[in-house]
Amino acid sequence: MEKGRLKHAQRSLDAVTDTGALTDRFGRTMTYLRVSVTDRCNHRCTYCAPSEDKFTLKKREEILNFKEIVRVVRLMVGMGVKKVRLTGGEPLVRKDVDRLVGMLSELGGIEDLSMTTNATLLKRYARSLSQNGLNRINISLDTLDPDRFRMVSGGGELEPVLDGIDEALKEGLTPIKINTVVMRGLNEDELAAILDFAAAKDLTVRFIEFMPMRDGVDWEALYIPIKEILKREEIKERVDTGAVPDKDSTAAYSLPLKSGRGKVGFISPMSNRFCDGCNRLRLTSDGKLRSCLPADMDVDLRSALRSGGTDEELAALIRRAVLLKPESGEYNFDKEGRNRSMIHIGG
Ligand code: SAM
């Protein structure tokens, strides 16, 4: 390459890395990206799946391809992102998602590459995910009762999920975190059983407060604050509440179980907002960068990706999304037609 062009190439690379850390207007630096790889899911969870009349699945061509996802992640890693989590919809229904894991892992620079899944297909994928560079996995599991599982997931089976957990343990996708959304009248009577399951398998289970993400679901009826859970006898019997909590992330802390195996974490997006330390960005399956889960402020990256946008132009759009991040996202309970299902944004 002649000298002038080399200099120019160097300058454009600098322009990308030069933009420095992704710091927002409130001094928070973004280091964590969640990537939704599909809006499809093999479960229809009663509290999560959007009502059919308000949600149309994106056409295949609307969804980012692997090259596009990798390009965005590469740029963002250059801007300081260190943690990347693949999610969905259900990430394991995206064809060849294990190949995407390999492509991301080869980029270098990602310190923690993980996935959130309902684990129905995990038994089949655990080995290749691990071989391709996935570090660990979070598994959503709201009940251990097969009939209730069928009811909550809209027809799913519990057994493959349990098999998937065992396979992930075998393949070293650890530490495995089990995510349980606690809902009144739905699974609140199972918290002790879920803690015993975590102790038996030496896993961390995280109890998560239910968030008002879409209409048609009676949030007030289902919501239980973490504080209330901590007061329950069956929890006090099992959790070492006197231990110094581990700060797992900006959103979660965990405590050991008294049995000596397993841990329990608590995530309270409703009762104890953790916006102050929020370091997250979300890339939706159709290429929008979202800086705050409840705030409808997305920046479209797909148009730039598909119209020959340069790395500098993409970096500027990424920075714009970060600058749009509100100090604190508000859940708007009154808004009509709210249909921000997690399935669409990427939970
Ligand atoms: N399909 C994958 C799974 O099940 O893990 C990834 C996507 S799913 C949308 C991610 C997580 O969001 C699940 O653990 C689900 O329970 C959670 N979720 C969905 N709606 C929620 C809500 N309204 N409040 C809290 N968590 C929610």
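Whatever order the structure lists ligands and atoms in, that order sets their numbers, starting from 1. The basis for the numbers below is simple: all heavy atoms, side chains too, and nothing from hydrogens, waters or symmetry mates.
- For D298 and R282, the salt-bridge test fails: no basic side-chain N is under 4.0 Å from an acidic carboxylate O.
- At least one N or O atom of M211, backbone or side chain, sits closer than 3.5 Å to an N or O atom of ligand 1.
- Of the polar atoms of D142, none of the N or O atoms is found under 3.5 Å from an N or O of ligand 1, judged by distance alone.
- Near G89, with a cut-off below 4.0 Å to any heavy atom, the atoms of ligand 1 are 1 (N), 2 (C), 6 (C), 7 (C).
- The shortest N or O to N or O distance between Y47 and ligand 1 is under 3.5 Å.
- Contacts between T116 and ligand 1, counted as non-hydrogen atom pairs separated by less than 4.0 Å, involve both the backbone and the side chain.
- Proximity of I139 to ligand 1, defined as any heavy-atom pair under 4.0 Å, is not found for any part of the residue.
- For the residue pair S36/T284, the side-chain donor-acceptor check at 3.5 Å is not satisfied.
- Judged purely by distance below 3.5 Å, without hydrogens or angles, the side chains of D145 and T143 never pair a donor atom with an acceptor atom.
- In this structure F149 satisfies the ring pair (Phe, Tyr, Trp, His ring centres under 6.0 Å) test together with H43, sequence neighbours excluded.
- Close approach to T87 involves these atoms of ligand 1, each under 4.0 Å from a residue heavy atom: 6 (C), 7 (C).
- Rounded to the nearest 0.5 Å, atoms CZ (R85) and CG (L113) are 9.5 Å apart.
- No N or O atom of G88 sits closer than 3.5 Å to an N or O atom of ligand 1.
- Of all atoms in ligand 1, numbered sequentially from 1 with element shown, those under 4.0 Å from a heavy atom of S140 are 3 (C), 4 (O), 5 (O), 13 (C), 14 (O).
- Salt-bridge formation is detected for the pair D112/R136: a Lys NZ or Arg NE/NH1/NH2 atom is positioned less than 4.0 Å from an Asp or Glu carboxylate oxygen.
- Distances below 4.0 Å separate heavy atoms of N118 from the following atoms of ligand 1: 2 (C), 3 (C), 4 (O), 5 (O).
- With a heavy-atom cut-off of 4.0 Å, E209 touches ligand 1 through its backbone alone.
- Between F266 and Y253, the ring-plane angle classifies as tilted under the 30° and 60° cut-offs.
- Here the shortest heavy-atom pairing between A198 and L257 reads CB-CD1, 4.4 Å.
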